[in-house]
Amino acid sequence: MDPEMNKLLKWSVTNSQASVGAEAEGSAPNATEAAKTMTPEMLSRLFGGPSDADLMRAAMEVLHDPETDLENKLIAFDNFEQLIEGIDNANNMEPMGLWTPLVQLLKHEETEIRKYAAWAIGTAVQNNPKAQDKLVLMNTFPELIAIATTDANQATRKKAVYALSSAVRNYQPAMTELSKSLPEGYPTETDAADMDAVDIVMDKLRSTPVEASA
């Protein structure tokens, strides 16, 4: 069951019981106090607000809208990243056709957009083999490695490393594909289940001097 619908059901049962008890005692139930326990998400479900899928699509449209300013794009990206923290929403990205437009944003001229794109990718694939496999099929590793080692913005580079780390941990096909795109001098047969070995690769990426990679 949808978590918010579950909360709404519990709220309904609790307040129905409270109402029955109040009537038995000859007093009216306090509707104002009951309403205070309603969350915005519960109200959205109750009154038919936009679904997570609707919000995800809308956010991606904003991100690709040339008329939208950077501030509002970043707000949309923040909302999108929070939505795909849920594995169901992350897995719905593929049937909704959201993976390609998300990956395209890794090449955006604004470093903040590139940062959020890497961040969202890392969130979507974390502990999620289905999404990890999608990233392998899309051959996204060369672009993420380039950002991790050459982007002028340190925060953006860190998010690219986060995306790579999330993509390969405990998923050997992704680790094998990443190894093919790594610069010379990196380990070539890293075990994706060996966290220390994965950390060695990520630390090396993280510490790459930008000047040396330009």
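No experiment lies behind these values; they were computed from the predicted model shown. The basis for the numbers below is simple: all heavy atoms, side chains too, and nothing from hydrogens, waters or symmetry mates.
Rounded to the nearest 0.5 Å, atoms CG (N79) and CG (D52) are 11.0 Å apart. In this structure, CG on L102 lies 4.5 Å from CE on M93, to the nearest 0.5 angstrom. Atom CG of N127 and atom OG of S166 lie 7.5 Å apart (nearest 0.5 Å). Here the CG-CG distance, from N91 to N128, works out to 4.5 Å after rounding to the nearest 0.5 Å. Of the inter-residue distances, the one linking L135 atom CG with Y171 atom OH reads 10.5 Å to the nearest 0.5 angstrom. With rounding to the nearest 0.5 angstrom, the CD1 atom of I84 is 8.5 Å from the CD1 atom of I121.
A pairwise comparison of heavy atoms in A118 and A163 identifies O-CB, 3.3 Å as the closest pair. A pairwise comparison of heavy atoms in A90 and A124 identifies CB-O, 3.8 Å as the closest pair. Residues A59 and A76 come closest through the heavy atom pair CB-O, 3.7 Å.
For E94, the salt bridge (Lys or Arg N to Asp or Glu O under 4.0 Å) partners are K134, not counting sequence neighbours. The salt bridge (Lys or Arg N to Asp or Glu O under 4.0 Å) check on D54 picks up R57, with sequence neighbours excluded. Taking D203 as the reference, R206 meet the side chain to side chain donor-acceptor pair (under 3.5 Å) condition, with sequence neighbours excluded. Considering only residues two or more places apart in sequence or on other chains, D191 meets the side chain to side chain donor-acceptor pair (under 3.5 Å) condition with none of them. By the side chain to side chain donor-acceptor pair (under 3.5 Å) test, Q154 is found to be paired with no residue, residues two or more places apart in sequence or in another chain being considered. Evaluation of the side-chain contact (heavy atoms from CB on, under 4.5 Å) rule for A58 yields no partner, not counting sequence neighbours. Every residue two or more places apart in sequence or in another chain was checked for a side chain to side chain donor-acceptor pair (under 3.5 Å) with S179, and none qualifies. Qualifying salt bridge (Lys or Arg N to Asp or Glu O under 4.0 Å) partners for D199, counting only residues two or more places apart in sequence or in other chains: R169.
Side-chain contact between E143 and V103 is absent, with no heavy-atom pair separated by less than 4.5 Å. Here the side chains of L106 and T140 are in contact, with some heavy-atom distance below 4.5 Å. Using a 4.5 Å cut-off on side-chain heavy atoms (C-beta onward), E177 and N139 make contact. Side chains of N170 and M175 form no contact here, defined as non-hydrogen atoms less than 4.5 Å apart. Within the 4.5 Å cutoff, the side chain of D196 has no heavy atoms near those of the I200 side chain.
Residue pairs meeting the ring-ring contact (aromatic ring centres under 6.0 Å, His included) criterion with at least one member in residues 67-97, sequence neighbours excluded: F77-Y116. The ring-ring contact (aromatic ring centres under 6.0 Å, His included) contacts involving residues 126-160 comprise nothing, where partners must be two or more places apart or lie in separate chains. Listed by first and then second residue, the ring-ring contact (aromatic ring centres under 6.0 Å, His included) pairs that reach into residues 183-208 come to none, sequence neighbours excluded.
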Could you give the side-chain donor-acceptor pairs of residues 60-68 under 3.5 Å, partners two or more places apart or in another chain?
unit_1 : atom_1 : unit_2 : atom_2 : d
H64    : NE2    : P101   : O      : 2.9
D65    : OD1    : E67    : N      : 3.0
D65    : OD2    : T68    : OG1    : 2.9

For a side-chain contact (heavy atoms from CB on, under 4.5 Å) check, start with the C-alpha distance between M202 and Y162, then their side-chain angles and the critical distance, and finish with the verdict.
CA-CA 8 Å; M202 296 305 145; Y162 161 68; over 6 Å; no
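Considering T190, V168, L164 in turn, T190 is the only one that fulfils the side-chain contact (heavy atoms from CB on, under 4.5 Å) rule with V201. The salt bridge (Lys or Arg N to Asp or Glu O under 4.0 Å) test with D151 is passed by exactly one of R114, K115, R157: R114.
I145 and L137 fall into different hydrophobic clusters, defined by Ile, Leu, Val, Met, Phe, Trp and Tyr side-chain heavy atoms under 4.5 Å apart, directly or through other members.
For Q82 and D78, the side-chain atoms include at least one donor-acceptor pair closer than 3.5 Å. Inspection of the T123 and E85 side chains reveals no N or O donor paired with an N or O acceptor under 3.5 Å.
Listed for the T111 side chain is no donor-acceptor partner under 3.5 Å among the backbone atoms of N153.
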